[in-house]
Asker: 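Sharing a structure, written as structure tokens. Questions coming.
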Amino acid sequence: MTKHIFITGGVVSSLGKGITAASLAMLLKQRGYRVAIQKLDPYINVDPGTMSPYQHGEVYVTDDGAETDLDLGHYERFADLTCSKNSNYTTGKIYSTVIARERRGDYLGGTVQVIPHITNEIKRAIKSLDSDEIDIAITEIGGTAGDIESLPFLEAIRQFKHEAGDGNAIFIHLTLVPYIKAAGELKTKPSQQSVGILRGIGIIPDILVCRSEVAMQDEHFNKLALFCNVTRDLVIEEIDVENSIYEVPLELAKQEFDLKVLKKLHLESRELDLTAWKKMIEKAINPTQGEVKIAVIGKYISLKDAYKSIYEALEHAGIANDLSVSIKMVESENLEKDPSCAILNQIDGILVPGGFGDRGIPGKINAIKYARENDIPFLGICLGMQCAVIEFARNILKHQDADSTEFNEKTKYPVIDLMLEQKNISNMGGTMRLGAYACQLKPESKAAAAYGTKDISERHRHRYEFNSAFADELEAAGLEIAGISPKNKLVEIVENPALKWFVACQFHPEFKSRPMQAHPLFRDFVNAAKVNSREVKS
Ligand code: GLN
């Protein structure tokens with residue numbers, strides 16, 4: 001039987017509920033439990049796929065092609081799990097299922113209501129994680145206690161715990177204990193109030209996890225225990241970590257957070273071995289091989305979360321190479337005004353990530369031209385690959401008008417064009433080429449050298465593709481097609497073999513990178529950047 005953990009948040013958003021949930025999943029998994037994890041998001045979009053990264057950060061894509069919340073990236077990275085469509089439900093997704101059922105006539109004669117129909121559907125979503133292969137399912141509830149839109153979710157988990165019975169489901173509440181500088185004091189009142197809100201809807205947290213900037217004292221633990229109805233040992237402190245988010249599980253383990261969770265769930269403790277994880281953190285914090293500077297040329301740079309998995313994958317690549325990766329976030333529009341790319345002067349490697357729409361494209365193309373002409377290691381991802389093909393067609397083939405039909409429908413040289421199966425699609429939500437697809441690598445390519453195999457599978461999220469009508473012309477001029485999807489022969493990777501390391505892929509390798517297993521393309525890209533910087537300096 002699968003046991004359930006529900007994680008709610010209080011006081012403010014952005015407390016790091018996703019990282020806490022991911023850390024718990026990682027610790028329980030290290031103890032030998034089989035763990036599944038999901039997030040319930042109270043907003044009305046059916047999934048975040050139609051939202052701008054400015055609204056909700058990066059859209060994380062699963063193997064099975066779900067467009068999901070970026071917290072799923074934390075889950076997969078921390079606990080090395082594979083999430084699925086069942087790992088993210090929104091209010092929109094829940095309602096659309098219930099409304100479709102109502103239209104089908106499943107409730108004929110009945111009034112369809114939030115309770116029980118919506119709450120039942122939420123409970124079904126939670127139970128979708130249940131299986132003989134899963135011991136513990138963790139469900140993170142998005143939003144903050146007190147939000148109007150999260151009420152049905154809170155009511156559903158209240159019912160769920162009541163029905164599951166003692167020891168089969170628990171509530172963990174993550175809350176903020178703010179430090180008031182002027183008074184020089186930590187304040188527990190907001191947490192008391194947040195627990196009060198939950199109590200008002202029938203939820204009594206079993207464990208309290210308190211986010212704070214500075215260490216809490218006995219008086220704070222005691223106060224929180226007394227007013228929030230938990231024993232002193234069930235108040236856990238989660239202070240901001242200094243160096244790496246991957247330290248969070250260690251801090252929680254020190255307080256036996258995971259052991260206390262297991263006890264509440266009536267499960268045995270089992271051994272916990274964090275040696276490898278600690279080694280990884282040691283490497284992350286104290287690399288011995290120096291620093292490498294990577295520029296990320298984005299169009300949503302002002303929001304750090306917009307490229308979350310890219311930044312994480314670069315950090316993992318640093319760990320794998322024993323290097324510190326210093327990331328320079330460059331707004332591509334700034335390179336439009338400065339085609340000479342003077343700000344990339346000191347950079348060892350250039351990465352152009354994915355994106356949508358024509359804003360910022362000329363700047364991305366200028367950066368790629370700079371990388372190609374100065375032989376600076378380059379990694380292009382999705383839109384980054386498409387821009388690399390456009391740059392090559394414009395500047396090497398001299399097709400000044402070459403473009404993607406996403407930016408110029410009338411171009412004479414549509415080197416990037418809408419995929420055939422996309423031509424008649426009118427709905428925007430969930431209709432891109434999504435999820436894992438196989439890819440075959442050319443044996444002598446940089447990509448094949450990185451992966452150490454010629455058959456790979458990577459995650460996709462795009463509508464446009466390399467236009468094979470231009471393949472011969474581009475290849476004859478030196479752009480190598482290094483990866484192809486075996487089924488419909490789509491071009492998945494291009495390389496420039498005349499350069500030291502110039503690789504661009506149509507898929508998103510960043511989603512499969514893990515702290516203890518850097519993605520091969522990121523790993524080799526960062527290594528090439530380091531080799532390049534040494535050569536330049538010597
Ligand atoms: N906008 C491009 C497409 O739809 C690239 C997408 C991306 O970078 N994820 O094909």
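Worth saying up front: this structure is predicted, and the values here are computed from it rather than measured. These numbers come from the heavy atoms of this one structure, side chains and all, not from hydrogens, waters or symmetry mates. We count ligands from 1, going down the list as the structure has it; atoms in each ligand are counted the same way.
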Asker: Keeping to residues at least two apart or across chains, list the ring-ring contact (aromatic ring centres under 6.0 Å, His included) pairs with something in residues 342-399.
Answerer: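 Non-adjacent pairs meeting ring-ring contact (aromatic ring centres under 6.0 Å, His included): F378-F502, H399-Y413.
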
Asker: Would G355 count as a polar contact of ligand 1, with the cut-off being nitrogen or oxygen pairs under 3.5 Å?
Answerer: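 Min N/O separation from ligand 1 is below 3.5 Å for G355.
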
Asker: Side chain, backbone, both or neither: which part of R461 has a heavy atom under 4.0 Å from ligand 1?
Answerer: backbone

Asker: Can you pull out the closest protein heavy atom to atom 10 (O) of ligand 1? Residue, atom name and distance to 0.1 Å, please.
Answerer: Y464 N, 2.9 Å

Asker: Geometry only, no angles: is L383 polar-contacting ligand 1 at N/O separations under 3.5 Å?
Answerer: yes

Asker: Looking only at N/O atoms, are R463 and ligand 1 under 3.5 Å apart anywhere?
Answerer: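 N/O-N/O distance below 3.5 Å exists for this pair.
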
Asker: Flag the pair D47 / K93 as yes when at least one side-chain heavy-atom distance between them is below 4.5 Å, and no otherwise.
Answerer: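 Sidechains of K93 and D47: no contact.
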
Asker: Of L479, I368, N366, which is the lone residue that meets side chain to side chain contact (heavy atoms under 4.5 Å, CB included) with E391?
Answerer: I368

Asker: What is the closest protein heavy atom to atom 1 (N) of ligand 1, and at what distance does it sit?
Answerer: E406 OE1, 2.8 Å

Asker: Which of the atoms of ligand 1 are close to G354, meaning less than 4.0 Å from one of its heavy atoms?
Answerer: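 Matching atoms, with element in brackets: 8 (O).
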
Asker: Is a side-chain donor-acceptor pair under 3.5 Å present for Y75 with E140?
Answerer: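 E140 vs Y75: donor-acceptor pair found between side chains.
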
Asker: Verify side-chain hydrogen bond (donor to acceptor under 3.5 Å, both in side chains) between Y307 and E510, making sure each step is shown before the conclusion.
Answerer: CA-CA 9 Å; Y307 298 109; E510 69 273 23; over 6 Å; no

Asker: Counting heavy atoms only, which of C382, S404, G384, C387 is nearest atom 7 (C) of ligand 1?
Answerer: C382

Asker: Under 4.0 angstrom from ligand 1, any heavy atom of Q386?
Answerer: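 Yes; Q386 lies near enough to ligand 1 that a heavy-atom distance drops under 4.0 Å.
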
Asker: For ligand 1, is there an atom lying under 4.0 Å from some heavy atom of H508?
Answerer: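 Yes.
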
Asker: Kindly list each side-chain donor-acceptor pair under 3.5 angstrom involving residues 415-430, sequence neighbours excluded, with atom names and distances?
Answerer:
{"from": "D417", "atom 1": "OD1", "to": "T405", "atom 2": "OG1", "distance (Å)": "2.7"}
{"from": "Q422", "atom 1": "OE1", "to": "R463", "atom 2": "NH1", "distance (Å)": "3.0"}
{"from": "Q422", "atom 1": "NE2", "to": "T431", "atom 2": "O", "distance (Å)": "2.8"}

Asker: Check whether any side-chain heavy atom of Y60 sits under 4.5 Å from a side-chain heavy atom of E67, and report yes or no.
Answerer: no

